[in-house]
Number of protein chains: 4
Amino acid sequence: MKEKDLNELIEGSNEEQIAEKKLKILEAAIKVFSEKGFEGSRTSEIAKEAEVAEGTIFKYFKTKKDLLSGLLIPLSIKFLRPLIMKSAEDILKKDKENATEEILKELFLDRLSLIKKNMPLIKTVLVEAIYHDELLEPIKEQVVPQVLQLLDSYVDSHKQNGDFNDYNTRLISRTMMSLLMGYIVLSSVFPEFFSLNEDEKEIESIVDIFLNGVKNKGEQI
Amino acid sequence: MKEKDLNELIEGSNEEQIAEKKLKILEAAIKVFSEKGFEGSRTSEIAKEAEVAEGTIFKYFKTKKDLLSGLLIPLSIKFLRPLIMKSAEDILKKDKENATEEILKELFLDRLSLIKKNMPLIKTVLVEAIYHDELLEPIKEQVVPQVLQLLDSYVDSHKQNGDFNDYNTRLISRTMMSLLMGYIVLSSVFPEFFSLNEDEKEIESIVDIFLNGVKNKGEQI
Amino acid sequence: MKEKDLNELIEGSNEEQIAEKKLKILEAAIKVFSEKGFEGSRTSEIAKEAEVAEGTIFKYFKTKKDLLSGLLIPLSIKFLRPLIMKSAEDILKKDKENATEEILKELFLDRLSLIKKNMPLIKTVLVEAIYHDELLEPIKEQVVPQVLQLLDSYVDSHKQNGDFNDYNTRLISRTMMSLLMGYIVLSSVFPEFFSLNEDEKEIESIVDIFLNGVKNKGEQI
Amino acid sequence: MKEKDLNELIEGSNEEQIAEKKLKILEAAIKVFSEKGFEGSRTSEIAKEAEVAEGTIFKYFKTKKDLLSGLLIPLSIKFLRPLIMKSAEDILKKDKENATEEILKELFLDRLSLIKKNMPLIKTVLVEAIYHDELLEPIKEQVVPQVLQLLDSYVDSHKQNGDFNDYNTRLISRTMMSLLMGYIVLSSVFPEFFSLNEDEKEIESIVDIFLNGVKNKGEQI
DNA sequence: TATGAATGAGTCTTCATTCAT
DNA sequence: CATGAATGAAGACTCATTCAT
C-alpha cells in the first residue's frame with residue numbers, strides 16, 4: 001500500500017508506474033549485482049532476494065541482460081530526477097544570499113548524500129557500463145549532460161559575477177566532479193587511509209582547496 | 001632467452017622469476033580481463049590469446065581465480081616498482097631547482113603516462129577488487145601505502161618550506177590523487193565531454209587550480 | 001447457442017456433447033499440433049489460438065497430454081463417422097449400376113477429399129501415435145477396423161461377382177490404401193516431383209493401374 | 001579398431017571420416033529421436049545412450065538442432081550410397097537375363113531390407129522433416145532425385161522394350177514407391193491387420209498386382 | 001612439460017500447471 | 001467458471017577443470 005502510494009507520488013502518473021513485483025526484482029538485482037557484479041550474479045540469487053520464483057524474473061525481463069538495462073530506469077528515477085529538480089531551483093536561489101563557500105558546501109553535501117543513498121545502483125551501472133556499451137550510451141545521452149548542465153550553469157554564473165577565475169567552464173565542472181568522486185571513492189574504498197573526518201568537515205576542506213588552492217600566498221606579501 | 005634474461009634483470013633474483021609461459025598467460029589474462037571483466041572472461045579465450053593450450057593455464061595457476069590474484073605480481077612489478085624507484089629520487093632532487101608548478105606538472109604527467117601504459121592491468125585489478133576482497137588486501141597493504149608515502153613526503157616538504165598551506169597532509173595528497181584520477185577516468189570514459197586539450201595542457205590547468213583555486217581573489221586588480 | 005444445437009444434432013446425445021469452449025480448444029490444438037508437433041507445441045499458443053486464457057485449457061484437460069488424447073474424439077466425429085455412414089450405403093448401391101472404374105474413382109476421390117479436409121487432425125494423430133502408444137490403441141480398435149470393414153466388404157463383393165482376381169481380400173484392401181496414401185503423402189510432401197495432374201486425373205490413373213497393372217499384355221496388338 | 005577400419009572402408013578417404021565419438025553420438029541420437037521424437041528427446045538421454053558426458057555432445061554439435069541436421073550425413077552414407085551404388089549396376093545387368101517379376105521382386109526385397117535396416121534413421125529424418133524445413137530441403141535435393149533417377153530409368157527401359165504400358169514414367173515410379181511404403185508402414189504399424197505372410201511372399205503378391213492389376217481379365221474371353 | 005578432448009556441475013531460460021481473484 | 005500471474009521443475013548449453021597421452 002505505502003509502497004504503491006509512494007511510487008505513484010514519485011511518478012506522478014500511472015503511465016510510468018512500474019509493477020510492484022518488477023520493482024522488487026529490480027531492487028534485488030541492484031543489491032546482488034552491486035555485490036557480485038553482473039556476470040558473477042546468479043538469477044537464482046536475485047529471485048531469492050526478491051522473494052519471487054526464478055521464473056518470475058523472466059516474466060518481467062526477457063533475459064538476465066535486460067535486468068541490467070532495466071536498471072537504467074530506476075537510475076534516472078531515483079538518482080537523476082531528484083538531482084535536477086531540487087538543485088536547479090535551490091542552488092540558484094540561495095546563491096545570491098549566501099557566500100560561495102556555503103553554497104558549494106551545501107551543494108557537495110547534498111550530492112554526496114544523494115550518491116551515497118544510491119551507491120549500489122550507481123556503482124553497478126557505472127562498473128557494468130565499462131563492459132556493456134548499451135549501458136554507456138544512455139549515460140552519455142542522459143546522465144552526463146544533465147549533470148553538466150547543472151554544474152556548467154552554476155560555474156558560468158560565478159564566472160560572470162567575478163567570483164571565479166576565467167578558467168574553461170568545463171574544466172571547473174570537471175574539477176568539482178573529480179574532487180567529489182575522488183573523495184567518495186577513496187574514503188569508502190580505503191577508509192583507513194582517506195577518511196579523515198566526518199563528511200561535513202571533509203567537504204568544507206575540499207571546497208576550501210577548490211576555491212583557494214593549496215599554495216601559500218601569504219608569504220608573497 | 002632474451003625475455004628470460006630481461007626478466008631476471010628486472011627481478012634481480014631467481015626466486016621471483018616468472019616462467020616465460022606464465023608471463024605470457026598473465027599478459028593474456030590482463031588483456032582479456034580488462035575487456036570482459038573477470039567473470040565475463042573465458043579461460044579458453046585467455047589460452048588462445050596467450051597461444052597456449054587451455055590445460056597449460058592450469059599448470060601454472062590452480063584455478064581461474066588464481067590468475068586474477070596472480071595479476072598482483074605484475075601489478076607491483078610493472079606499475080608499483082617504477083612508480084617508487086624513479087620518483088623518490090628524481091622528484092625530490094629537482095624539487096629544489098624548479099618552480100613548484102613545473103615539478104607538479106612533471107609529476108602528474110609522469111604518473112599519467114605510467115597509469116595509461118598500465119591501464120588494462122590497473123583497471124582490472126581495481127574493478128575486480130570491488131568484488132574480491134583478497135585483491136583489496138594487498139592493495140591496501142602494498143600499493144596505497146607506497147603511493148601515499150611518496151605523495152605525503154612530497155607534500156610535507158612543501159608544507160615545511162612554506163610553499164603549501166597548512167592543510168592536513170593526507171588531505172592534500174588525496175586531492176592530488178582525486179584530480180589525477182578524475183581527469184583520467186572522466187576524459188577516457190567520456191572523451192566527448194571532458195577531453196578538452198592534449199594531456200600536457202590539461203595537466204597544467206589541473207596543477208594551476210590545485211595550487212591557486214578557482215576563486216578570484218581580486219588581488220589582480 | 002447455434003453451435004450447441006448443431007453439436008447436439010451431430011452427436012445425437014447429450015452425453016457425448018462437447019462444450020463450446022472445449023471444442024474451440026481442441027480445434028486450436030489440432031492446428032498447433034499439426035504445425036509444430038505435440039512436443040513442439042506450447043499450451044500458451046494453443047490458448048491464444050483458441051482465444052481463451054491458458055488456465056482455461058486445464059479446466060477442460062487435466063494435462064497437455066490429455067489434449068492429444070482428446071483429439072481422438074474429434075477424429076472419430078469428424079473423420080470416421082462420415083467415412084462410414086456415407087460410404088456403406090452409397091458405394092454399395094451404386095456399385096451395381098456403374099462400371100468398377102467409375103465407382104473406384106468416386107470412392108478414391110471421396111476418401112481423398114475427406115482426408116484432405118481433415119489433414120491436420122489425421123496427420124497429428126498418426127504422427128503422434130508413433131510416439132504415444134495410448135493413441136495407437138484406439139486407432140487399432142476403432143479406426144482401422146472401420147476402414148477395413150468397408151474396404152474388405154467392397155473387395156469381397158467384387159471377388160464374388162468375378163470382377164476381381166482371387167487375391168487375398170486384405171491384400172487388395174491394403175493395396176488400395178497404399179495407393180491412396182502414397183499418392184497423398186508423396187504429392188503433398190514433394191509436389192515438385194509427384195504432383196503430375198489435378199487430383200481427378202491422378203486418381204483415374206491410379207485406379208487404372210490398380211485394376212490393370214502396368215504390364216503390357218500384348219493383347220492390344 | 002574394427003570400427004575405425006570399417007569406417008575408413010566405407011568412406012574410402014580420411015577426409016569424410018567422422019570422429020569415432022561423433023559417430024557414437026549420432027547413433028545414439030538416431031535411437032533416441034526415433035523413440036521419442038526430436039522435441040521429446042533429452043540431450044541427457046542421448047549422452048547416456050552414447051556413453052559420453054552431456055557436454056561432449058555440444059563439443060561436436062553446437063546445438064541439439066544440429067544433431068538432427070547431422071543425421072542427414074549418416075542418412076546419405078548408410079542409406080543412400082548403398083541404394084545407388086549397388087542397384088545401378090545389379091538391376092540393369094540382371095534385367096536382361098531374368099523375368100520382370102523376378103527382378104522386381106528382388107528389387108523390392110532389397111529395398112525393403114535396406115529400409116528396415118535403417119528404419120530408425122529414416123523414420124526420424126522423415127518425421128522431423130515435417131516440422132523442420134531445413135531437413136526437407138536436402139531430402140528434396142539429394143534423396144528423392146537419387147531414388148527417382150534409379151526408378152525412372154528402370155521404368156523407362158521397360159517401357160522402351162515394351163514390357164510396360166505407356167503410363168507416365170513418374171506415375172509408375174510413384175506407384176512402386178507407394179506400394180512398398182504402404183506395405184512397410186501398414187504391416188509394421190498394424191501388423192495384426194496387414195502382416196499376412198513373410199516378406200518374400202508379400203512382395204511377390206505386391207509385384208503381381210503391380211504388374212497385372214486386380215481385375216479379372218480371364219472371364220472377358 | 002604441454003596438450004586438448006572429455007567432463008559434469010552449474011547456468012539461464014522455458015513452459016506446463018496451479019490458484020487466488 | 002474463467003483468468004493470467006506466479007511457480008519451479010526440468011531442459012539445453014557453458015565452461016572451468018582434469019587427465020591420458
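In what follows, chains carry the letters A, B, and so on, assigned in the order in which the sequence lines appear, proteins first and then strands, with residues in each chain numbered from 1. What you see is a predicted model, and the numbers here were worked out from it, not measured in a lab.
Side-chain N/O atoms of Ser44(D) and Glu54(D) include no donor and acceptor closer than 3.5 Å.
Using a 4.5 Å heavy-atom threshold, the side chains of Phe61(A) and Leu26(A) count as touching. Here the side chains of Glu45(C) and Lys36(C) are in contact, with some heavy-atom distance below 4.5 Å. Within the 4.5 Å cutoff, no side-chain heavy atoms of Leu68(B) are placed close to those of Val125(B).
If you take CZ of Phe33(A) and C1' of dC12(E), they are 12 Å apart, rounded to a whole angstrom. Here dC15(F) presents its P atom at 18 Å from CD1 of Ile57(D), a figure rounded to the nearest Å. For Lys48(C) and dT3(F), the NZ to C1' distance is 16 Å, given to the nearest whole Å.
Considering only side-chain atoms of Thr43(A), the nucleotide from dC12(E), dA12(F), dT17(F) that sits closest is dC12(E). The side chain of Phe58(B) lies closest to dA16(F), out of dG11(F), dA16(F), dT11(E).
Taking the ring centre of Phe38(C) as origin, the terminal cationic atom of Lys64(C) falls inside the region bounded by 6.0 Å and 45° from the ring axis. Because its NZ or CZ atom is not both nearer than 6.0 Å to the ring centre of Phe33(D) and within 45° of the ring axis, Lys123(D) does not count as a cation-pi partner of that residue.
Summary of the strand contacts: Lys65(A) and Glu39(C) both lie near DNA chain E, and taking for each the nucleotide with the nearest heavy atom, the more 5' one is attributed to Lys65(A).
Stem regions for DNA chain E, each three or more consecutive Watson-Crick or G-U pairs with both distances under 3.5 Å and listed by first number, read E:2-21 with F:2-21.
Partner Leu135(A) forms a side chain to side chain contact (heavy atoms under 4.5 Å, CB included) with one of Leu126(A), Leu71(A), Ile130(A), Leu72(A) and no other, that one being Leu72(A).
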Show each protein N/O and nucleotides 4-8 of chain E N/O combination with a separation under 3.5 Å, one pair to a line.
unit_1 : atom_1 : unit_2   : atom_2 : d
dG4(E) : N7     : Gly55(B) : N      : 3.2
dA6(E) : OP1    : Lys21(D) : NZ     : 3.3
dA6(E) : OP2    : Tyr60(D) : OH     : 2.4
dT7(E) : OP2    : Ala53(D) : N      : 3.0
dT7(E) : OP2    : Thr56(D) : OG1    : 2.4
dG8(E) : N7     : Gly55(D) : N      : 3.4

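Contact between the side-chain N/O atoms of Arg42(A) and the OP1/OP2 oxygens of dG10(E) is not found at any separation under 4.0 Å.
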